[in-house]
Protein chains: 4
Amino acid sequence: MFILTDLVNGITIELTDMVNGLGILRAKGAFRMFAKFLRLDSEKQDRIVNAVMKEFAQKGYERASTNEMVKEAGISKGLLFHYFQNKKQLYLFLVDYCYDMVVAEFYKKIDLTEPDFFKRIREAVHIKMEMLTQYPDIFKFMEEAFLEDAAEIKPELEKKKREMTDINMGKFFEGIDYSKFRADVDLKIVLKIITFTFEKMSEEVLYKAKFAPGHEINYAEIRQEAEQYFDVLIKCFYH
Amino acid sequence: MFILTDLVNGITIELTDMVNGLGILRAKGAFRMFAKFLRLDSEKQDRIVNAVMKEFAQKGYERASTNEMVKEAGISKGLLFHYFQNKKQLYLFLVDYCYDMVVAEFYKKIDLTEPDFFKRIREAVHIKMEMLTQYPDIFKFMEEAFLEDAAEIKPELEKKKREMTDINMGKFFEGIDYSKFRADVDLKIVLKIITFTFEKMSEEVLYKAKFAPGHEINYAEIRQEAEQYFDVLIKCFYH
Amino acid sequence: MFILTDLVNGITIELTDMVNGLGILRAKGAFRMFAKFLRLDSEKQDRIVNAVMKEFAQKGYERASTNEMVKEAGISKGLLFHYFQNKKQLYLFLVDYCYDMVVAEFYKKIDLTEPDFFKRIREAVHIKMEMLTQYPDIFKFMEEAFLEDAAEIKPELEKKKREMTDINMGKFFEGIDYSKFRADVDLKIVLKIITFTFEKMSEEVLYKAKFAPGHEINYAEIRQEAEQYFDVLIKCFYH
Amino acid sequence: MFILTDLVNGITIELTDMVNGLGILRAKGAFRMFAKFLRLDSEKQDRIVNAVMKEFAQKGYERASTNEMVKEAGISKGLLFHYFQNKKQLYLFLVDYCYDMVVAEFYKKIDLTEPDFFKRIREAVHIKMEMLTQYPDIFKFMEEAFLEDAAEIKPELEKKKREMTDINMGKFFEGIDYSKFRADVDLKIVLKIITFTFEKMSEEVLYKAKFAPGHEINYAEIRQEAEQYFDVLIKCFYH
DNA sequence: GATGAATGAGTTTTCATTCAT
DNA sequence: GATGAATGAAAACTCATTCAT
């Protein structure tokens, strides 16, 4: 579903499987190779995750230095590799780790019983903004991760994205009352246009925030801007 | 305007300044620091540009090796730095150089007298596909360049993007017959939705092409898909 | 005596002390420092010895990883060092352990009552080939061990070799009927020449086997080749 | 031919091609990839070769540290890799470099017109001892190199050895007066036995020297010992 | 006895950039 | 203008050994 994905890369994804609270990859056992790390007390886990995330987010995959990470995390060089084997695995682990965290959080909050399409989207936009404020580092990292195209991790990263972006709009839109949409145009195309609109809007918001002094986001303004889009879309696509 | 930008990164840009055949940056004097290079005979210029572009496109900014570039171009290490001072400047120069090339070509082809909004966009889509076929290397490089987020060049690159994406819809849409649009909604928002739609569509096409066997792009299919969007957009946004 | 040594490194050694079934080093108490290990049940001992031997044989002393050994043996890192103190001692222990095994086996088989020099050697060659087939891993390891020249273990290894190669031809040749040798030349030199010949022959066989497809050894051919040497040596050195 | 090879590894080789003063490998163009290094003034070349040789000889391939080499040679880290690409190439280069040096020197000295087999060998033994004294480091390195079995360089090193050990006794023994040998035994076997004898004798000498205080070699003693072998071999193999 | 997390100095290799020629 | 040898900091990763549990 678009709301989460456009937090990070603007690709619509299917979140249904995650609703139960298990991450896709965790459920698939991909975390087994990081068992050593996951057995640590959460204070240390957090210290490491934050240090690593900070470095990757700041410098990207290639330039990020494992030396800096261990210095920041206060652990030895060997230990990082003891947990994560190599830089690539460390990176891919972190992508999953963050993704799972974000998805689980989102689904705790969204109300999936709301049948009106635009109301549901409106709520999702608000949840998204809340989370952006609460976990800015994670979103920064995720955003970079989905743009990352370092040769070494590209294939695995693309595969991971594909796993996470297995589009299934049918499921996402379950419970939505489609009778409100006008009948003279292709509904699938209409839904895509709406999705695209909010994704691009989000991108613009993030993009502008980057260049704003202090990178602060004016949420009130975004909501107002979103309402403008809601107004047009409802008028044009509902009958 | 979206057509060019979504060739490379999906950000809407202002092309008006380029129509006269001078690149934004060239016009602004940014090429002065590469005067030595630009004074070379064009055969040597091309040899160097192609070698450098190839390396950057293949490996990204960080991993690209100046050694490989000079080997491929058949020039000495010192000479490259004589022309371009350092790797960062070399990269930024190349971004401009390619961008100018693409923009000039685009404006030679587009018919700016067509008053119908959708017809103009349709033509732009076709031109874009033509150019993608004709200059695949340049587009590959530009695409990578706009995704590049190596820490070292990021600030300059973002600035450059901003310069190139200083949105000025009013100018782009000059000559367009707006009387065809329905009057009960905000026209600016409508134009944004339409722009967003084609940008996202392009992104999807490129994304799918990445995973298609052989990365080939089915242009006929894209045109057909675009027509589906035209159909909905015209029905909903024209009166 | 050459037969055993050229199994492993082509240096003539004195085997008399081993005939009683005790290894040189074991008899000398050098095994005391590995008492903890030797007290284990033999199943576990074997598991560890095999895992360690495999790793050392495959990668040599330097590159062999204690991590791999404990993984293969199914024991903990700490335990390996509990038994063997450090990598060097582990290696030297294994050299002795294998050597003792090979020597004991050899002396169970050889007939020391045969008085004819060449007949005794002929039998030894056959025993050697039998054992090479039966314990290829041990021989592979021993062969590598005697070639090993990693700086760290070199002094001890050389010392060990010396202990094992303390030449005492007089004892080895006991019971041999020397009256068959011609009297006009120095018998000691003659015996050395014969010894050298079979050692070098063995080396050549092993060397050729290395490059043969599949490394297989053609034993029939070796026996035939040995007979050619026997023929010349008997004609020239017997009267 | 045995004399040279048993200087370093005891394998008989064909030296005929080297007589003209060009190394096998140099002649084959294998030195092209080290052209940068070979273009240096010989003072610097020597400084580097000696530093590298010293480190490899002392510690073997694996343990030898390129850090130590550059420190000893007084050059920068990058420069070593500028000349030799990587540690493996550096090692293999040095093997060739030394081998060529030794072979060329040997052939300047040996008198190939001497028809008597034993006289020719006697001279070779003397030349060998002379060279051992003159270039002890090179011989130390070569000896180690031929024993080296580090996994990484093994295949290339074995190939190199094969190139150098392409046995061609026929050519080496050209000009030798075989009529002096007894006719009732296989001459080829006889020649092998003699070759083996001197090779093993050399090995023993080197081996003993290793453990002698100060590693000094008593050349007079060796010559005397060699004479004992000559005496037996002449009596038994000449008619 | 048994565990395995933790250490940190060590390794080889890369690479943009400089500068004497 | 043109060369390419020279630099040296920085990178990712390894691994024997220790020690608290």
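To find a chain, count down the sequence lines: A is the first, B the second, and so on, and within it residues start at 1.
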Closest of E:dA2, F:dA16, E:dA5 to the C:S65 side chain is F:dA16
When rounded to whole Å, the CG to C1' distance for the pair A:L80 and F:dA11 reads 14 Å
Regarding the side chain of A:S76, the nearest nucleotide among E:dT7, E:dT13, F:dC13 is E:dT7
Answer for the Watson-Crick or wobble partner of E:dA2, both distances under 3.5 Å, is F:dT21
**Item:** Distance below 4.0 Å between C:H82 side-chain N/O and E:dA2 OP1 or OP2
**Value:** no
Is there a donor N/O on one and an acceptor N/O on the other, under 3.5 Å, for the side chain of D:K87 and the base of E:dT13? no
- Base, sugar-phosphate, or nothing: which does C:F84 touch, judged by heavy atoms less than 4.0 Å apart? nothing
Among E:dT13, E:dA2, F:dA12, the one nearest any side-chain atom of D:F81 is E:dT13
Worksheet item: Across the strands shown, which category fits C:R39 at heavy-atom distances under 4.0 angstrom: base, sugar-phosphate, nothing?
Response: nothing
Q.
Once you apply a heavy-atom cut-off of 4.0 Å, does A:K44 come out as touching a base, just sugar-phosphate, or nothing?
A. sugar-phosphate
B:I75 has its side chain closest, among F:dT3, E:dT3, E:dA2, to F:dT3
- prompt: Crowded around A:K54 NZ? As in, over 12 foreign heavy atoms under 6.0 Å?
  reply: no
